[in-house]
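Heads up: the structure comes next, in structure tokens.
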Amino acid sequence: MKNILIPTDFSIRSLSYVHSIVAQHPYEPVNIILMHALQMPDSLFDLVTYTRNSRHLELISADFQDGCEIIRNKYSSAIHQLKIEFFHGSTRAALRNFLLAQNIDLIIQPADHEYTPPSKRSYDPEKLISKCNYPKMKIQLQKQRFVANRSTISALLLATE
């Protein structure tokens, strides 16, 4: 079973890449880890009081949670696990440790996704991911198959396998 990482900004559009992953791994269930990158605090006080608690969970919108549930239900036989993980850091070593801890086999690099950070600590991990030595796959959504130019939950339901 492969563990596949997808960077996310908690937009519905970032969930559309799951359709391509399922299509490319038809006979093997996969674990999908949706990774959101957060910078570490830069002041000493913020660093001392910084915890990995539920306050990061408020970045996840209700629409995104609903979209994840739709994906889980739609691909229940193809996706063993779909989970959200927060990556805290901005160095290659921190990313390598995160990838090792999550046992990542493949990293998806969205080729056509415009990253919109949901908070001031969020950042696009594309540069960091492109420098790491893990297997990567660039995916561009096919607009004729996916209704992904709209960021709605109904677009996830309409997408074909």
(message) Using modelled atom types and a 3.5 Å cut-off, is there a donor and acceptor pairing between side-chain atoms of Tyr115 and backbone atoms of Tyr123?
(response)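 Pair found, side chain donor or acceptor close to backbone of Tyr123.
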
(message) Determine whether a donor-acceptor pair (N or O, by modelled atom type, separation under 3.5 Å) exists between the side chain of Lys138 and the backbone of Lys136.
(response)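 No, the answer is negative, given that no donor and acceptor are paired below the 3.5 Å cut-off.
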
Side chains of [X] and [Y] in contact at under 4.5 Å (non-hydrogen atoms):
X      : Y      : value
Val30  : Asp105 : no
Ile4   : Tyr17  : no
Ile6   : Ile21  : yes
Phe87  : Pro7   : no
Ser11  : Thr116 : no
His36  : Leu59  : yes
Met35  : Gln102 : no
Ile108 : Ser20  : no

Distance in Å, [X] [atom1] paired with [Y] [atom2], rounded so as to fall on 0.5 Å steps:
X      : Y      : atom1 : atom2 : value
Cys132 : Ile107 : SG    : CD1   : 3.5 Å
Ile70  : Ile12  : CD1   : CD1   : 7.5 Å
Ile32  : Leu5   : CD1   : CG    : 10.5 Å
Thr8   : Ile60  : OG1   : CD1   : 9.0 Å

(request) Answer yes if the side chains of Ser61 and Asp63 hold a donor-acceptor pair under 3.5 Å, and no otherwise. (result)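 Judged by distance alone, the side chains do not pair up.
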
(message) Please confirm whether the ring centroid of His19 lies under 6.0 Å from the ring centroid of Tyr75.
(response)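 Ring-ring flag for His19/Tyr75: true, centres closer than 6.0 Å.
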
Around [X], counting heavy atoms of other residues, nucleotides and ligands shown, do more than 12 lie under 6.0 Å from its [atom1]?
X      : atom1 : result
Arg92  : CZ    : no
His25  : NE2   : yes
Glu114 : CD    : no

(request) Walk me through it: do Asp9 and Ser14 pass the test side-chain contact (heavy atoms from CB on, under 4.5 Å)? (result) CA-CA 7 Å; Asp9 59 354; Ser14 65; 4.0 Å; yes

(message) Which label fits Phe10 and Phe64: parallel for a plane angle under 30°, tilted from 30 to 60°, or perpendicular past 60°?
(response)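 Rings of Phe10 and Phe64: perpendicular, as their planes differ by over 60°.
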
